[in-house]
Amino acid sequence: MNQKFKNLITPLLTAAVVAWVASGVIDRETAADSAHGKQAPAWELKDVEGNTIKSSDFKGKVVVLDFWATWCGPCRAEIPSFIALQDKYGKDGLVVVGVSLDEEGPSVVKPFMKRNKINYPIVMADTRIADLFGGVEGIPTTFVIDRDGKIAAKHVGLTSKAAFEKEIKPLLKKS
């Protein structure tokens with residue numbers, strides 16, 4: 001997507017999402033999703049430094065796996081919530097992992113992470129990762145994965161911190 005188009009469409013999408021959140025259209029779990037309750041697929045991706053990160057690195061943790069991009073307004077709106085959740089529940093076994101869909105790669109994502117003080121790992125998506133999770137219809141798309149590696153929830157669109165917190169708290173209590 002070219003920069004001129006991103007600059008034009010991002011404010012419009014952000015305004016639309018804010019309106020939808022206010023009206024209750026977004027901030028919903030797609031409970032009927034076929035992924036719910038299934039084992040999350042195994043994956044292996046590179047972080048912004050080129051290090052390999054694997055899903056197995058988070059075995060026994062509750063994982064919030066967020067598909068996002070730096071140019072996506074709703075994605076950017078969720079980041080402060082993810083930072084706060086990681087701060088608050090990281091010691092209890094929560095790990096937020098961002099899966100960047102930015103085509104420009106780490107050269108765009110790394111400075112974005114620094115500017116926004118992101119405190120959780122970000123990996124760069126490959127052509128396969130979205131398909132492994134049944135496709136990503138839109139971003140942000142976020143999966144909540146329990147300690148046993150099963151998908152507990154899937155959210156498409158901007159989701160509130162309160163909604164994520166409500167889902168992860170009981171998962172963190174299970175060992």
Side-chain angles (χ1 to χ4, degrees), residues 13-14 16-45 47 53-70 72-101 109 113 116-125 129-175:
L13 287 174
T14 302
V17 168
V18 169
W20 291 336
V21 169
S23 69
V25 172
I26 297 184
D27 191 19
R28 59 176 167 69
E29 175 185 343
T30 50
D33 190 272
S34 62
H36 186 81
K38 291 187 178 175
Q39 194 69 28
W43 52 266
E44 184 174 311
L45 297 167
D47 68 9
I53 307 287
K54 300 179 275 192
S55 55
S56 61
D57 295 341
F58 309 112
K59 185 176 176 147
K61 305 272 187 187
V62 173
V63 177
V64 174
L65 189 71
D66 180 50
F67 288 82
W68 71 289
T70 59
C72 166
C75 301
R76 290 193 314 261
E78 282 186 332
I79 288 172
S81 296
F82 292 143
I83 291 169
L85 290 170
Q86 184 64 53
D87 275 344
K88 186 172 182 179
Y89 297 106
K91 66 186 178 321
D92 299 324
L94 175 71
V95 178
V96 177
V97 179
V99 181
S100 171
L101 300 172
V109 178
M113 289 175 66
N116 290 281
K117 298 181 172 105
I118 294 176
N119 61 349
Y120 53 87
I122 301 285
V123 294
M124 303 307 302
I129 186 73
D131 290 339
L132 285 174
F133 279 85
V136 173
E137 313 87 64
I139 56 173
T141 293
T142 309
F143 294 87
V144 177
I145 302 167
D146 70 16
R147 291 184 187 273
D148 296 323
K150 293 194 170 133
I151 296 172
K154 176 182 176 183
H155 297 269
V156 179
L158 182 65
T159 304
S160 71
K161 178 183 168 211
F164 283 119
E165 204 162 24
K166 183 179 176 183
E167 290 170 351
I168 64 172
K169 281 170 105 175
L171 298 176
L172 289 169
K173 289 180 183 175
K174 295 179 184 176
S175 49

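Between I145 and A40, the shortest heavy-atom distance links the atoms CD1-CB, 3.8 Å. Taking both residues in full, the closest heavy atoms of V156 and E137 are given as CG2-OE1, 3.4 Å, listed atom of the first, atom of the second, then distance.
Put simply, the side chain of D92 never gets that close to the backbone of L172: no donor and acceptor are under 3.5 Å apart. With E167 contributing its side chain and A153 its backbone, the two residues share no donor-acceptor pair below 3.5 Å. Side-chain N or O atoms of Q39 include one that pairs as donor or acceptor with a backbone N or O of D148 at under 3.5 Å. A distance-only check finds no donor-acceptor pair linking the side chain of N116 to the backbone of M113 [under 3.5 Å]. A donor-acceptor contact shorter than 3.5 Å links the side chain of T159 to the backbone of G157. Judged by distance alone, with hydrogens and angles left aside, the side-chain atoms of Q86 form a donor-acceptor pair with the main-chain N or O of L94 at under 3.5 Å.
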Exercise. What's the verdict on side chain to side chain contact (heavy atoms under 4.5 Å, CB included) for W43 and V97, showing C-alpha distance, side-chain angles and the deciding distance?
Worked result: CA-CA 12 Å; W43 52 266; V97 179; 4.2 Å; yes
Exercise. Where do R76 and W68 land on the side chain to side chain contact (heavy atoms under 4.5 Å, CB included) test, with the steps shown first?
Worked result: CA-CA 8 Å; R76 290 193 314 261; W68 71 289; 5.6 Å; no
Exercise. Can I129 and L45 be said to form a side chain to side chain contact (heavy atoms under 4.5 Å, CB included), step by step?
Worked result: CA-CA 9 Å; I129 186 73; L45 297 167; 4.1 Å; yes
For this session: Evaluate side chain to side chain contact (heavy atoms under 4.5 Å, CB included) for K154 paired with T141, printing each intermediate quantity in order.
Result: CA-CA 7 Å; K154 176 182 176 183; T141 293; 3.8 Å; yes
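Taking the side chain as every heavy atom from C-beta outward, D47 and M124 never approach each other to under 4.5 Å. The closest side-chain heavy-atom distance from C72 to P140 is below 4.5 Å. The shortest distance between side-chain heavy atoms of L65 and T142 does not fall below 4.5 Å. Side-chain contact between I151 and V144 is absent, with no heavy-atom pair separated by less than 4.5 Å. Residues V64 and L85 fail the side-chain proximity criterion, which asks for heavy atoms closer than 4.5 Å. Residues I79 and Y120 form a side-chain contact, since some pair of their non-hydrogen atoms from C-beta on lies under 4.5 Å apart. By the 4.5 Å heavy-atom criterion applied to side chains, D66 and E78 are counted as neighbours.
Between F82 and F164, the ring planes are tilted. Angles from 30° to 60° get that label.
Every residue two or more places apart in sequence or in another chain was checked for a side-chain contact (heavy atoms from CB on, under 4.5 Å) with D131, and none qualifies. F133 pairs by the ring-ring contact (aromatic ring centres under 6.0 Å, His included) definition with F67, F143, not counting sequence neighbours.
The CG atom of L101 lies 8.0 Å from the SG atom of C75; values are rounded to the nearest 0.5 Å. Of the inter-residue distances, the one linking R147 atom CZ with K61 atom NZ reads 7.5 Å to the nearest 0.5 angstrom.
The neighbour count for K117 NZ, taken as heavy atoms of other residues, nucleotides or ligands under 6.0 Å away, does not exceed 12.
In summary, K88 and E165 engage in a salt bridge, as defined by a charged side-chain N under 4.0 Å from a carboxylate O.
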